[in-house]
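These notes concern the structure reproduced below.
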Amino acid sequence: MAINCRRVIYAFPHAGATTAIYHPWLNDLMTTQSAILQPVAIPGRGHLAKEPEIHDLDTLIERLASDIWADFQQKQAQGITEWITFGHSFGGVLSIAVGQAIMKNDGASPSFGVVSSSVPPHRQPKDERHEWTDDQLIQKTKADQGTPEAILNEPALIKPIIRQLRNDYLIRSQFPRLGNIQVSYPLVLVSATHDSYVTLADMEAWKNYTSDDISLTHIAGDHFAVYRHWDVIKQILLNKTI
């Protein structure tokens with residue numbers, strides 16, 4: 001495997017999550033100095049908590065595209081020469097939409113994009129979960145098993161997660177309008193063998209969203225298995241060519 005030390009990886013979090021979800025990956029890459037992992041911050045949470053939440057999909061896409069392109073230009077001055085995207089679930093759709101926006105606005109493309117366990121826009125079911133009660137969203141979060149039990153049982157900790165999740169579900173309800181977008185760079189698809197939310201057919205349907213090549217990697221486990229397979233994901237993210 002060829003390693004490129006001049007790469008930045010823009011990682012989009014899943015619904016309800018913050019940049020903190022990628023801290024273990026970030027720390028590992030900092031130790032090896034093999035690439036820079038840059039988690040993508042969503043306005044209204046994490047270190048952007050003082051900013052208002054964005055409820056409109058198109059506005060969010062343009063904001064994230066602007067932030068990433070400005071960041072990459074700064075990193076170019078530090079010797080970074082290329083960028084890629086990674087997105088899990090909700091973040092997978094956002095990563096492609098933002099990549100397409102940067103192509104349109106700035107004439108630049110990532111070397112490739114990685115999409116993990118994500119339903120493409122044209123296969124998204126009608127989503128009204130942003131209208132659910134807090135208790136319903138808490139039960140959904142528990143069932144997903146993607147959030148530590150200690151956080152779920154602490155009201156002060158779960159409250160912001162539920163607020164973030166509700167806003168992300170509102171954004172997700174607008175995903176079908178992205179059904180015609182297309183990028184011109186390769187996509188690497190990561191499919192979990194026992195994902196109860198995203199089927200293999202869903203993942204294969206991402207072929208409609210690029211004019212370039214796609215490749216498919218299988219990992220064992222459920223919808224959040226990607227976070228337990230850093231060894232596999234790391235190899236993908238550090239590959240010099242796809």
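One-based numbering along the sequence shown. The model shown is predicted, which means the values in this text are computed figures rather than measured ones.
- Between Glu51 and Arg63 there is a salt bridge, since a side-chain N of the basic residue sits under 4.0 Å from a carboxylate O of the acidic one.
- Between Tyr227 and Trp25, the two ring planes are tilted [angle within 30° to 60°].
- When ring centroids are compared, Phe72 and Tyr10 stay outside the 6.0 Å threshold.
- Using a 4.5 Å heavy-atom threshold, the side chains of Tyr22 and Asn27 count as separate.
- Between the CZ atom in Arg177 and the CG atom in Asn180 there is a gap of 13.0 Å [rounded to 0.5 Å].
- Side-chain contact between Ile102 and Asn105 is absent, with no heavy atoms from C-beta onward closer than 4.5 Å.
- Closest approach of Ser117 to Val198, counting heavy atoms only: O-CG2, 3.5 Å.
- The distance from the CH2 atom of Trp69 to the CG atom of Leu64 is 15.5 Å, given to the nearest 0.5 Å.
- Here the shortest heavy-atom pairing between Ser111 and Pro186 reads O-CD, 3.4 Å.
- Between the side chain of Gln174 and the backbone N or O of Leu170, at least one donor-acceptor pair lies under 3.5 Å.
- When all heavy atoms of Ile21 and Pro13 are compared, the closest pair comes out as CG2-CB, 4.1 Å.
- At a cut-off of 3.5 Å, with distance as the only test, a side-chain donor of Trp230 or Asp28 sits close to an acceptor on the other residue.
- Put simply, the side chain of Gln100 never gets that close to the backbone of Ser184: no donor and acceptor are under 3.5 Å apart.
- At a threshold of 4.5 Å between non-hydrogen side-chain atoms, the residues Ile236 and Val190 count as touching.
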- request: Could you walk me through whether Ser89 and His14 pass side chain to side chain donor-acceptor pair (under 3.5 Å), step by step?
  value: CA-CA 5 Å; Ser89 192; His14 63 261; over 6 Å; no
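- By the 4.0 Å N-to-carboxylate-O rule, Arg45 lies too far from Glu53 to be salt-bridged with it.
- Nearest heavy atom pair, residue Val119 against residue Gln124, reads O-NE2, 2.7 Å.
- A continuous path of Ile, Leu, Val, Met, Phe, Trp and Tyr side chains, each step under 4.5 Å between heavy atoms, connects Met103 with Leu94, placing both in one hydrophobic cluster.
- Note that CG of Leu187 and OG1 of Thr210 are 4.5 Å apart. Values are rounded to the nearest 0.5 Å.
- A donor-acceptor pair is defined here as one N or O able to donate and one able to accept, closer than 3.5 Å; such a pair exists between the side chain of Asn208 and the backbone of Ala205.
- Within the 4.5 Å cutoff, the side chain of Val93 has heavy atoms near those of the Leu178 side chain.
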message: Show, in sequence, the C-alpha distance, side-chain angles and deciding distance for Gln73 and Gln76, and conclude whether the side chain to side chain contact (heavy atoms under 4.5 Å, CB included) test is met.
response: CA-CA 5 Å; Gln73 288 181 302; Gln76 282 182 305; 4.2 Å; yes
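- For the pair Asp71 (side chain) and Asp67 (backbone), a donor-acceptor distance under 3.5 Å is absent.
- A salt bridge links Glu62 and Lys104; the closest N-O separation between the charged side-chain nitrogens and carboxylate oxygens is under 4.0 Å.
- Using a 4.5 Å heavy-atom threshold, the side chains of Asp212 and Val183 count as separate.
- In this structure, CG in Leu216 is found 6.0 Å from CG in Leu200, a value given to the nearest 0.5 Å.
- The CD1 atom of Ile233 sits 9.5 Å away from atom NE2 of His88, with the distance rounded to the nearest 0.5 Å.
- For the pair Ser109 (side chain) and Tyr185 (backbone), a donor-acceptor distance under 3.5 Å is absent.
- The shortest distance between side-chain heavy atoms of Ile80 and Ile36 falls below 4.5 Å.
- Side-chain contact check for Ile96 versus Phe12: every heavy-atom pair is 4.5 Å or farther apart.
- Salt bridge annotation for Arg172-Asp168: absent, with no cationic side-chain nitrogen under 4.0 angstrom from a carboxylate oxygen.
- With contacts defined as side-chain heavy-atom distances shorter than 4.5 Å, the pair Ile68/Val40 qualifies.
- Here Asp213 does not pair with Lys207 in a salt bridge; the nearest charged N to carboxylate O distance is not below 4.0 Å.
- Surrounding CG of Asp231 are more than 12 heavy atoms belonging to other residues, nucleotides or ligands, all under 6.0 Å away.
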task: Please test Trp83 against Ile9 for side chain to side chain contact (heavy atoms under 4.5 Å, CB included), starting from the C-alpha separation and ending with a verdict.
output: CA-CA 6 Å; Trp83 59 289; Ile9 305 154; over 6 Å; no
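- Using modelled atom types, one side-chain atom of Arg7 and one backbone atom of Asn239 make a donor-acceptor pair closer than 3.5 Å.
- Although no hydrogens or angles enter the test, the distance criterion places a donor-acceptor pair under 3.5 Å between the side chain of Trp206 and the main chain of Ser118.
- From Thr217, atom OG1 reaches atom CD of Gln235 across 9.5 Å, with rounding to the nearest 0.5 Å.
- Put simply, Leu48 and Leu37 are part of two different groups of oily side chains (I, L, V, M, F, W, Y) that touch within less than 4.5 Å, one to the next.
- Across every non-hydrogen atom of Val115 and Gly92, the tightest pair is CG1-CA, 4.2 Å.
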message: As a quick check of understanding, evaluate side chain to side chain contact (heavy atoms under 4.5 Å, CB included) for Thr199 and Glu204, giving each step before the final call.
response: CA-CA 9 Å; Thr199 67; Glu204 291 175 337; over 6 Å; no
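- Between His223 and Tyr197, the gap from one ring centroid to the other is short of 6.0 Å.
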field: Leu60 and His55: CA distance, side-chain angles, deciding distance, side chain to side chain contact (heavy atoms under 4.5 Å, CB included) verdict
entry: CA-CA 8 Å; Leu60 179 61; His55 303 297; over 6 Å; no
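- Here the closest non-hydrogen pair linking Ile54 and Asn167 is O-ND2, 3.2 Å.
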